[in-house]
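Below: one structure, written as C-alpha cells.
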There are 2 protein chains.
Amino acid sequence: MTDPDLSRRIRDAGGRVTTARLAVLRCLADADEPLTPDEVLEHLARNSDHVPDRVTIYRAIDWLAVHGLVRRLATVGRAARYEPVEDREAHAHFQCRRCAQTRCLPAPTPPLPPLPPGYAAERIELVIHGLCAACRAGDTP
Amino acid sequence: MTDPDLSRRIRDAGGRVTTARLAVLRCLADADEPLTPDEVLEHLARNSDHVPDRVTIYRAIDWLAVHGLVRRLATVGRAARYEPVEDREAHAHFQCRRCAQTRCLPAPTPPLPPLPPGYAAERIELVIHGLCAACRAGDTP
DNA sequence: GTTAAAAATGCAATAAAATGGCAAAAAGGA
DNA sequence: TCCTTTTTGCCATTTTATTGCATTTTTAAC
C-alpha cells in the first residue's frame with residue numbers, strides 16, 4: 001500500500017495526517033508480523049531520519065487502533081502487539097512460548113460460539129501456542 | 001476439587017505443598033473466570049487470614065504454570081490472566097474491550113491450521129472480542 | 001503565502017505489571 | 001526434633017504504558 005493510500009485512510013478516519021501516524025502505519029503495514037510499540041520505534045530509528053518520541057508512538061498506535069486502521073492482538077507476552085487492518089483478514093496467530101515471536105498463519109475464522117444474553121461479539125481471534133522452529137531447534141524445552 | 005486433591009496435584013508435580021501455592025490454586029479453581037495475579041491477591045486478602053506477598057503470588061502462579069496446573073491466557077489488557085487446567089477443557093474466552101472482563105464460553109476447539117515447517121503447536125486458544133452485557137447496557141460505545 | 005485555531009508532539013514525571021537478589025522462614029525427610 | 005532444600009518476604013529494579021503541560025505542527029481560512 002502506497003503512502004498516499006495510507007494518508008488517505010488516516011484522513012478519512014477524521015484525523016490529521018502527521019509524520020508519526022504515517023510512519024507508524026507504514027511500519028506496521030510493511031512488517032510481516034505484528035509488532036510491539038518498541039519494535040515500531042526500533043524500525044523507525046533504523047529507517048527514518050526523524051525518530052518520534054516513544055510516547056508519540058504509543059499515541060499514534062492508539063489513535064490508529066481506536067479508528068480501526070490497526071488492531072491490538074491478544075498476547076501471552078508482556079508487550080502489546082499490533083497489526084494493520086487490511087483486506088486479507090481471516091488469519092490466525094502463532095505465538096512461540098519461548099521467544100514470544102508472533103506470526104500470522106493462514107486459517108479460516110472458526111464459527112462464533114453462542115454468547116450469553118446481552119453480549120455482543122465484534123471479532124474472533126485464534127491463537128496457536130507452541131514453539132517456533134528456531135526455539136525448537138535450540139535445546140531446553 | 002478438594003484441598004487434598006489440589007495438594008496431591010502439587011506434590012505430584014514435584015514441588016512442596018506450601019500455603020501460598022495451595023491458596024493460589026484454590027483461588028483459581030474456585031473462580032469462575034480467569035484471574036490476574038492482583039485479583040488473586042485481592043481474593044486471598046478477603047478470604048484468608050495470612051495474605052502472601054504479591055511477589056509470592058507471582059512466583060506461585062509461575063510455578064503452577066510451568067508445571068502445567070495453571071495456564072496463562074492470551075489477553076488484550078495489560079495484566080496476565082490465569083485459569084486452572086482441568087478436565088472440562090475445550091472452551092473459548094470472551095474478552096470485553098471496555099471493562100476487560102474475561103469469561104469462559106463453551107465452544108469446541110477449532111481444527112489446527114497448518115504450521116510452517118519446524119513449528120510445533122501445543123495449544124489452541126479462541127478469543128472472542130466484544131462488549132459484555134453490562135458495558136453494552138451503559139452508554140458510550 | 002500568511003495566519004489563526006485546533007490537534008499532535010516532546011519531555012518529564014508517574015503509574016502499572018512484573019522480576020531479581022538475598023536473608024529469613026517453612027517443608028519434608030532422616 | 002534436626003538438617004537440608006525449597007520457598008517466602010521485603011526491597012530494589014525493570015519493563016511497559018499513561019498523564020500533564022508547554023511547544024510545535026497541521027490544516028483550513030484568508
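The chains referred to below are lettered A, B, ... by the order of the sequence lines, with proteins before strands, and numbering in each begins at 1.
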When we call it a touch if two heavy atoms are under 4.0 Å apart, what does [X] touch: a base, just sugar-phosphate, or nothing?
X: A:Ala80; result: sugar-phosphate
X: A:Thr19; result: sugar-phosphate
X: B:Ala60; result: nothing

>> I want to check one thing: is the phosphate of D:dA17, taken as OP1 and OP2, less than 4.0 Å away from some side-chain N or O of A:Tyr58?
In response: yes
> So, is B:His50 close to the C:dA26 phosphate, meaning a side-chain N or O under 4.0 Å from OP1 or OP2?
Replying inline: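 B:His50 to C:dA26 OP1/OP2: no side-chain N or O under 4.0 Å.
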How close or far is atom [atom2] of [N] from atom [atom1] of [X], stated in whole angstroms?
X: A:Ile61; N: C:dT9; atom1: CD1; atom2: C1'; result: 15 Å
X: B:Leu44; N: D:dT8; atom1: CG; atom2: P; result: 12 Å
X: B:Asp53; N: D:dC10; atom1: CG; atom2: P; result: 6 Å
X: A:Glu39; N: D:dT16; atom1: CD; atom2: P; result: 10 Å
X: B:Arg54; N: C:dG20; atom1: CZ; atom2: C1'; result: 17 Å
X: A:His67; N: C:dA8; atom1: NE2; atom2: C1'; result: 13 Å
X: A:Leu22; N: D:dT25; atom1: CG; atom2: P; result: 17 Å
X: A:Leu41; N: D:dT15; atom1: CG; atom2: P; result: 15 Å

>> Closest-nucleotide mapping onto DNA chain D: is A:Thr36 or A:Arg59 further toward the 5' terminus? I mean the 5' end.
In response: A:Thr36
> Pick the nucleotide of DNA chain D nearest each of B:Val55 and B:Arg21; which residue has the one closer to the 5' end?
Replying inline: B:Arg21
Any salt bridge between [X] and [Y], counting N to O under 4.0 Å?
X: A:Asp38; Y: A:Arg54; result: yes
X: A:Asp30; Y: A:Arg26; result: yes
X: B:Glu83; Y: B:Arg71; result: yes
X: A:Glu39; Y: A:Arg81; result: yes

> Among C:dA18, C:dG10, D:dA17, which is the nearest nucleotide to the side chain of B:Arg72?
Replying inline: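 The answer is C:dA18.
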>> Between A:Glu125 and B:His93, is there a side-chain donor-acceptor contact under 3.5 Å, judged purely by atom types and distance?
In response: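 There is no such pair between these side chains.
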> Using the C1' atoms of five pairs at each end, what's the angle between the two axes of the helix from C:dG1-D:dC30 to C:dA30-D:dT1, to 10 degrees?
Replying inline: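 So the angle between the two local helix axes works out to 40°.
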>> For the CZ atom on A:Arg123, are there more than 12 heavy atoms of other groups (residues, nucleotides or ligands in this structure) within a distance under 6.0 Å?
In response: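 For A:Arg123, atom CZ is crowded (more than 12 foreign heavy atoms under 6.0 Å).
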Can you pull every protein N or O that's under 3.5 Å from an N or O on nucleotides 28-30 of chain C?
unit_1	atom_1	unit_2	atom_2	d
C:dG28	OP1	B:Val17	N	2.9

Is there a donor-acceptor pair under 3.5 Å between the side chain of [X] and the backbone N or O of [Y]?
X: A:Thr56; Y: A:Pro52; value: no
X: A:Asn47; Y: A:His43; value: yes
X: B:Thr18; Y: B:Arg21; value: yes

> Any link between A:Val127 and B:Leu73 through a network of hydrophobic side chains (Ile, Leu, Val, Met, Phe, Trp, Tyr) touching at under 4.5 Å?
Replying inline: no
